[in-house]
Amino acid sequence: MKAAHENWGSRLGFILATAGSAIGLGNIWKFPYITGENGGAAFIIIYLGIVFTIGLSVMLAEIAIGRHAQTDAISAFRKIGKPGWTFVGVLGVVTAVIILSFYSVVAGWCIAYVVKSAGGAFSGMDAEAIGGAFGSFIGSPVAPIVYHGIFASLTMAVVIGGVSGGIEKASKFLMPMLFVILIALVARSVTLPGAARGLEFFLAPDFSKISAHTVMAALGQAFFSLSLGMAILLTFGSYVDKQTNLGKSAVQIAFLDTLVAILAGLAILPAVFAFGMDPAAGPGLTFVTLPTVFNSMPGGYFFAIIFFVLLTIAALTSSVSVLEPVVAFFTNMGLSRKTATIGSGVIIFLLGIPSSLSVGIWSDIHFIKEQGFLDSASWLTDKLLLPIGGLLICIFAGWIIAPVMAREVAGDGGPGVLTKAWLFILRFVAPVAIFLILLSGLEIVAF
Ligand code: PHE
């Protein structure tokens, strides 16, 4: 017999676990470099606009579907009586496998940086030397794959052992610590000589930099960072009790996630300018800038180690949430939890190998839009699969089961203004916006 469906210990537990999924490499590694590539402040304004309209609405919809169905993303649609929609859960699983494959590679770099920082590998180096060391490390054929394997194994170990005990308790203590370290880094970064230009880049918008690509990058980043579009939050929502106010919770989660992204941007981009680096340098930005900042701050040696440990843990709380629905899918098909986890973990590890090689010896092999494997996998998920997943969630919650959703979110008092506004965004604004952004970003139509 199946055990009764579990619940979160408390509302705070739910908020922190969901924030643990949302806050990860997407905020600290990806957000600063995507902001850098897309022109700074104007991108941030668009990003904020998308997070607090479309992002928040899709997040609330996923959580509400989950709480209503009281089961995982694969079974949820059947249980609600719409088995034809099960493919949304399946699409989420495919997306999860692709995301995790490259996510684990980058998280492996974080583990390597713990080791390197502890060994004093960057001490006394300037930005250029650190950049060179980063390039040769990620470009080497074996070491990054070993670290990717270590991270993938950690993720599997946590998923086999169950999320609730260890990692949930640990993140209650570790996430606030990450926050404190980030604030210390921001303080150092913005007071570096020459940081003002970076602050200007980050805070003073230049709207001539905005194009359909910018908007699409912001949408993809919003979905990635909030862990949307792959039905992860649906599973998390299924553990929420009926008393919890879903709208308020979603606002708090989105706020925390965005706060960490902005802090990471403020820690990284001013330093990029202070050290004369290129803000559009791409995925290496964090790994080159921060060790340079650590070198210039008192106690930097210890800060560096603690920071990369925390970043690895933040990545782990996210990667666990990505692996979980994949495992749920295979256990649903009759595999044991252990077999399902190891089986999918190995597939993800193998799929990560070309991602890792693509920033080194395979850098000449191109897939989508002249990009290597890692960038192609990231493009495919950010620009296509996550928005499509989000679009389907909007249609499902806003059109197929809207009355049920309204009840789920509004509670006993009946739908108020906010619930109605949310349903309006879900039914009209979000699907149309996502659809148009998809088309224009794919260059099917031009605006
Ligand atoms: N949101 C996580 C991050 O920002 C990554 C993630 C993406 C997690 C998609 C789940 C789903 O790092």
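Computed from a prediction, not measured in an experiment: that's the story for all the values here. Just so you know, ligand 1 is whichever comes first in the structure, and atom 1 is the first atom listed for that ligand. Side chains are part of it too, since the values below use all heavy atoms of this structure and drop only hydrogens, waters and symmetry mates.
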Answer with yes or no after comparing the ring centroid distance for [X] and [Y] against a 6.0 Å cut-off, counting only values under it.
{"X": "F287", "Y": "W109", "value": "yes"}
{"X": "Y113", "Y": "F122", "value": "yes"}
{"X": "Y239", "Y": "F14", "value": "no"}

Are the side chain of Q221 and the backbone of G26 linked by a donor-acceptor contact shorter than 3.5 Å? yes
Is the backbone of N245 close enough, under 3.5 Å, to the side chain of S249 for a donor and an acceptor to pair up by distance? yes
Just to be sure I'm reading this right: ignoring hydrogens, which of G20, G24, S21 gets closest to atom 2 (C) of ligand 1? Compare them by their nearest heavy atoms. S21
Exactly one candidate in I46, I50, I45, I44 meets side-chain contact (heavy atoms from CB on, under 4.5 Å) with L48; the answer is I44
Scan T258, I253, V260 and name whichever one has a side-chain contact (heavy atoms from CB on, under 4.5 Å) with I23. V260
If the cut-off is 4.0 Å to any non-hydrogen atom of [X], which atoms of ligand 1 fall inside it?
{"X": "S225", "value": "1 (N), 4 (O)"}
{"X": "L25", "value": "12 (O)"}
{"X": "V322", "value": "8 (C), 10 (C), 11 (C)"}
{"X": "N27", "value": "4 (O)"}
{"X": "I232", "value": "10 (C), 11 (C)"}

Decide whether an N or O pair under 3.5 Å exists between G26 and ligand 1. yes
Could you tell me whether A22 and ligand 1 have an N or O pair separated by under 3.5 Å? yes
When D382, T35, T286 are each screened for side-chain hydrogen bond (donor to acceptor under 3.5 Å, both in side chains) with K30, the one that passes is D382
Contact with ligand 1 for F223, non-hydrogen, under 4.0 angstrom: no
Check the side chains of S319 and T155 for a donor-acceptor pair under 3.5 angstrom, ignoring hydrogens and angles. yes
At under 4.0 Å between heavy atoms, which part of M230 makes contact with ligand 1: side chain, backbone, both or neither? side chain
Would you mind checking which non-hydrogen protein atom is closest to [atom], with the distance to 0.1 Å?
{"atom": "atom 12 (O) of ligand 1", "value": "Y103 OH, 2.5 Å"}
{"atom": "atom 8 (C) of ligand 1", "value": "S227 OG, 3.2 Å"}
{"atom": "atom 1 (N) of ligand 1", "value": "F224 O, 2.8 Å"}

